[in-house]
Asker: 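After the structure tokens below, expect a handful of questions from me.
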Amino acid sequence: MRASQFHLFTLKEAPSDAEVVSQQLMLRAGMIRKVAAGIYNYMPMGLRSIRKVEAIIRDELDRAGAMELVMPLVQPAELWQETGRWDKMGPEMLRLKDRHDRDFALQPTSEEVVTDIARQELKSYRQLPKNFYQIQTKFRDERRPRFGVMRGREFLMKDGYSFDRDVEAAGRSYEKMYAAYGRIFDRIGLEYRAVAADTGAIGGDRSHEFQVIADTGEDAIVYCPDSDYAANIELAEAVALLTGRATAGRALEKTPTPGKSTCGDVAELLGVALQTTVKSLVLASEEVDETGKVLKTTICLLLVRGDHDLNEVKAGKIEGLKAGFRFATETEIIEHFGCKPGYLGPIGLKKPVRIIADRTVANMADFICGANDEGFHYTGANWGRDLPEPELVADIRNVVEGDPSPDGKGVLAIQRGIEVGHVFYLGNKYSKAMNATFLDIDGKPKHFEMGCYGIGVTRILGAAIEQNHDARGIIWPAAIAPFEVVICGVGWGKSEAVRDEAVRLYDTLKAAGVDVILDDRDERPGVMFADWELIGVPHRVTIGDRGLKEGVVEYQARREGEQLKFAPDAIAAHIIASIRA
RNA sequence: CGGGGAAUAGCUCAGCCUGGUAGAGCACUGCGUUCGGGACGCAGGGGCCGGAGGUUCGAAUCCUCUUUCCCCGACCA
């Protein structure tokens, strides 16, 4: 490829609405252009990187025995109604009607369609296992698209689905994909961590996210440096920080705390540690009939220690809150607590409230909590003496840095991550809902055991840049750079020697299968260097009269500071060797 | 969905308060001088000032509505 024939368009300044560095650099490097909120053109430069990511994914998945197919972007409502997701998905799924007023959706994912394929195509256990994948455009009408390709509405995703005979075989499929994912992200060249993730309604322990480590990540990942424990914070188990409850040492006392409505303020006012306070959160869950009419509303008081945060995913697993919950309204709070938010607590309730304590809170003694009287908190509160034992003790908080690891092998650390892949055991949730069966060896129909496996192809680009950039621009991992090598011809227009030498090297590298671009734009060197450093090409060769007079060409690796000099005949071998390394 | 903010050239922005024929830098075209880290000069092209209504002799500027975009929030009572 010659730069004069390629579409190269860089910007000195990023659009003002570009927030994160990957978005700014991709826009400046001319890899993407925004069309609407969360919707982008992938320009030729960007598409080259996307294709390289795709190629690695295809290679590894095919090697792992998966098969590529493509399912439609526009999918009929009927299939989504079979699993009930037509109603459950909410506004994230973009719906549309055709000219006959029939309902369709733009696929946010493809469990329904692939299960439909399986029930039509897979009749016998002899055909199993099967693993189908596609690399397809997805559309999710995100509440708040942002961060460029990291959370777009339209994006490119690899989604794969496995079909197995039984749970054990499904486990093998899962392990295969887990291993393939590791190879994929290794080859792409990202620093990542595979972490255990929430399994939602499916249950079980087979769900892992592949998280690229980056401070700008939207997920918090928890890991233990001394063991192999790693989990998304949504899932990471928080153990009780107090072993057993101390005996009560203080009397219950109602203390004025005017205007101090948060645990932090109260602790500061009273001059005590935040760890002696208890935070009250009020949730409401509703029982509804088929028409959606509310039959009964239950109010729950959740207690976590003052320095801890409620984990809503964990709360959603509590019996009674499984069907869904919301934060209670102020009216409901006043009705049950006789007090406005800010001074709520478990003592002296006006109406019965279900009290659920975090494991740590359940072991606290002489704690501080709201007095259900505006401007007052109780100090010296004790379970069993001042209030009944909690109705339920559960893990309902987020772990914090320094918590003991649940495997007992050290303490936990937390870092930010960008989720680029997810492997998930689905069980027979979809095969049952859609009655997708095969005949097993005993001649009886059985539901498929399924797994699903996703990789955010476009998100990988963003994640790679978040992890690899400097003040000058992108530093692509070599495997997914739009070009592996750029040859900059200095004084292209006026020096035949430069042109000859550059074309000679270009031909040599091309013949060796190197993805090389020749910058023959006759630009000033500063312009060329700035462009290619912004774009992030890993290897650069500069050929100019000045060097050729001394019998050298210059080589610069994007990641290194030092520029090296090579004899014109030696440079090709050096580059080929460093690429193959 | 709630609350803020913004919308003027391809990009970054000024002009608006105090109404009077639309500006700068970058980018683009031509010519010339330059030529190893985003050169310089001269000459150009490019804007229904997001859209609709209103006030006014006159609106980018003031008012109303609307659309789009961005930010924050939608756990921490």
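Values below: all heavy atoms of this structure, side chains included; hydrogens, waters and symmetry mates excluded. Note that the coordinates shown come from a computational prediction; the quantities given were computed from them, not determined experimentally.
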Asker: Can you tell me if A:Glu234 and A:Asn311 form a side-chain donor-acceptor pair at under 3.5 Å?
Answerer: no
Asker: For the pair A:Ser207 and A:Asp198, evaluate side chain to side chain contact (heavy atoms under 4.5 Å, CB included) and give the outcome as yes or no after the intermediate values.
Answerer: CA-CA 7 Å; A:Ser207 172; A:Asp198 184 43; over 6 Å; no
Asker: Could you check how far CD1 of A:Ile233 sits from C1' of B:C75, rounded to whole Å?
Answerer: 13 Å
Asker: For A:Glu466 and A:Thr216, what are the C-alpha separation, side-chain angles and deciding distance, and is it a side-chain hydrogen bond (donor to acceptor under 3.5 Å, both in side chains)?
Answerer: CA-CA 7 Å; A:Glu466 291 295 326; A:Thr216 46; 2.7 Å; yes
Asker: Does A:Arg146 reach a base, just sugar-phosphate, or nothing at all? Heavy atoms under 4.0 Å.
Answerer: sugar-phosphate
Asker: Taking atom types as they are modelled, would you say the side chain of A:Lys279 forms a donor-acceptor pair with the base of B:C76 within the 3.5 Å cutoff?
Answerer: yes
Asker: Distance check needed: B:C70 P versus A:Leu27 CG, whole Å only.
Answerer: 12 Å
Asker: Counting the atoms with a prime plus P, OP1 and OP2 as sugar-phosphate, which does A:Thr10 contact under 4.0 Å by heavy atoms, base, sugar-phosphate, or nothing?
Answerer: base
Asker: Could you state the atom-to-atom distance from CG of A:Leu11 to P of B:G10 in whole Å?
Answerer: 13 Å
Asker: For a quick test of reading the model: is some side-chain N or O of A:Ser16 closer than 4.0 Å to OP1 or OP2 of B:C13?
Answerer: yes
Asker: Do A:Glu523 and B:G38 have a side chain to base donor-acceptor pair shorter than 3.5 Å?
Answerer: no
Asker: Between B:C63 and B:U55, how far is it from one P atom to the other, in whole Å?
Answerer: 15 Å
Asker: Expressed as a whole number of angstroms, how long is the span from A:Gln23:CD to B:C71:P?
Answerer: 8 Å
Asker: With a 4.0 Å cut-off on heavy atoms, is A:Ala328 in touch with a base, just the backbone sugar-phosphate, or nothing at all?
Answerer: base
Asker: Considering every strand shown, what is the Watson-Crick or G-U wobble mate of B:G38 when both distances are under 3.5 Å?
Answerer: none
Asker: Quickly work out the A:Asp358 CG to B:C76 C1' distance and round it to whole Å.
Answerer: 14 Å
Asker: For B:C76, give its Watson-Crick or G-U wobble partner with both distances under 3.5 Å, or none.
Answerer: none
Asker: Of the candidate nucleotides B:C75, B:C70, B:G25, which contains the atom at the shortest distance from the side chain of A:Glu312?
Answerer: B:C75
Asker: In whole angstrom, give the distance that lies between atom CG of A:Leu8 and atom P of B:A27.
Answerer: 14 Å
Asker: Under a 3.5 Å cut-off for both distances, is B:G46 Watson-Crick or wobble paired, and to whom?
Answerer: none
Asker: Give me the distance, rounded to whole Å, that separates B:C48 from B:U8 when you measure between the P atoms they each carry.
Answerer: 12 Å
Asker: Across the strands shown, which category fits A:Gly491 at heavy-atom distances under 4.0 angstrom: base, sugar-phosphate, nothing?
Answerer: nothing
Asker: In whole angstrom, give me the gap between the C1' atoms of B:C13 and B:C57.
Answerer: 33 Å
Asker: Please confirm whether the ring centroid of A:Phe6 lies under 6.0 Å from the ring centroid of A:Phe483.
Answerer: yes
Asker: Base, sugar-phosphate alone, or nothing: which one does A:Lys34 contact when heavy atoms must sit under 4.0 Å apart?
Answerer: sugar-phosphate
Asker: Taking only the C1' atom of each, what is the distance from B:G51 to B:U67 in whole angstrom?
Answerer: 7 Å
Asker: If we call it a pair only when both distances are under 3.5 Å in a Watson-Crick or G-U wobble match, what pairs with B:U12?
Answerer: B:A24
Asker: Mapping A:Asn311 and A:Val490 onto RNA chain B by nearest heavy atom, which one lands closer to the 5' end?
Answerer: A:Val490
Asker: Nearest of B:A27, B:C11, B:C70 to any side-chain atom of A:Pro15?
Answerer: B:C11
Asker: Return the minimal non-hydrogen interatomic distance between A:Ala3 and A:Arg521, and the atom names on each side.
Answerer: CB-CG, 3.9 Å
Asker: Would you indicate which nucleotide in B:C76, B:G38, B:U34 comes nearest to any side-chain atom of A:Arg524?
Answerer: B:U34
Asker: My understanding is that a pair needs two contacts under 3.5 Å, Watson-Crick or G-U wobble. By that rule, which nucleotide pairs with B:A6?
Answerer: B:U68
Asker: Determine the interatomic distance between C1' on B:U68 and the same-named atom on B:A52; round to the nearest Å.
Answerer: 15 Å
Asker: Using side chain to side chain contact (heavy atoms under 4.5 Å, CB included), reason through A:Tyr555 and A:Ser578 one step at a time and then give a plain yes or no.
Answerer: CA-CA 12 Å; A:Tyr555 168 80; A:Ser578 50; 4.3 Å; yes
Asker: Looking at every strand, decide which applies to A:Gly547 at a 4.0 Å heavy-atom threshold: base, sugar-phosphate, or nothing.
Answerer: base
Asker: Describe the nucleic acid contact of A:Arg472 in one word from base, sugar-phosphate, nothing, applying a heavy-atom distance below 4.0 Å.
Answerer: base
Asker: Of all the choices, B:G38, B:A77, B:C75, which nucleotide is nearest to the side chain of A:Ile333 once you look at every atom?
Answerer: B:A77
Asker: Where the side chain of A:Glu19 is concerned, which of B:C70, B:C76, B:G38 is the nearest nucleotide?
Answerer: B:C70
Asker: Go ahead and name the base partner of B:U56; Watson-Crick or wobble counts if both distances stay under 3.5 Å, otherwise write none.
Answerer: none
Asker: Base of B:G37, side chain of A:Arg540 - is there a donor-acceptor contact under 3.5 Å?
Answerer: yes
Asker: Describe the nucleic acid contact of A:Asp531 in one word from base, sugar-phosphate, nothing, applying a heavy-atom distance below 4.0 Å.
Answerer: base
Asker: For the residue pair A:Thr255 / A:His377, report whether a side-chain donor-acceptor contact shorter than 3.5 Å exists.
Answerer: no
Asker: Rounded off to whole Å, could you give me the NZ-to-C1' distance for the A:Lys12 and B:C13 pair?
Answerer: 16 Å
Asker: Just the rounded figure in Å: distance from P of B:C35 to CE of A:Met528.
Answerer: 15 Å
Asker: Write down the distance separating the P atoms in B:C16 and B:A27, rounded off to the nearest Å.
Answerer: 28 Å
Asker: Looking only at side-chain atoms of A:Lys494, point me to the closest of B:C11, B:A77, B:C35.
Answerer: B:C35
Asker: Taking atom P in both B:G23 and B:G47, what distance in whole Å separates the two?
Answerer: 14 Å
Asker: Applying side chain to side chain contact (heavy atoms under 4.5 Å, CB included), run through A:Gln23 and A:Val149 and close with a yes or a no.
Answerer: CA-CA 7 Å; A:Gln23 186 182 12; A:Val149 298; over 6 Å; no
Asker: Return the nearest nucleotide to the side chain of A:Asp17; candidates are B:A77, B:G38, B:C70.
Answerer: B:C70
Asker: RNA chain B: A:Ala36 or A:Phe9, which has the more 5' nearest nucleotide?
Answerer: A:Phe9
Asker: Are A:Glu419 and A:His422 close enough that a side-chain donor and a side-chain acceptor fall under 3.5 Å?
Answerer: yes
Asker: Taking the side chain of A:Ala37 as its heavy atoms from C-beta onward, which of B:C70, B:U12, B:G38 lies nearest to it?
Answerer: B:C70
Asker: Which whole number of Å gives the distance between the P atom of B:U66 and that of B:G30?
Answerer: 47 Å
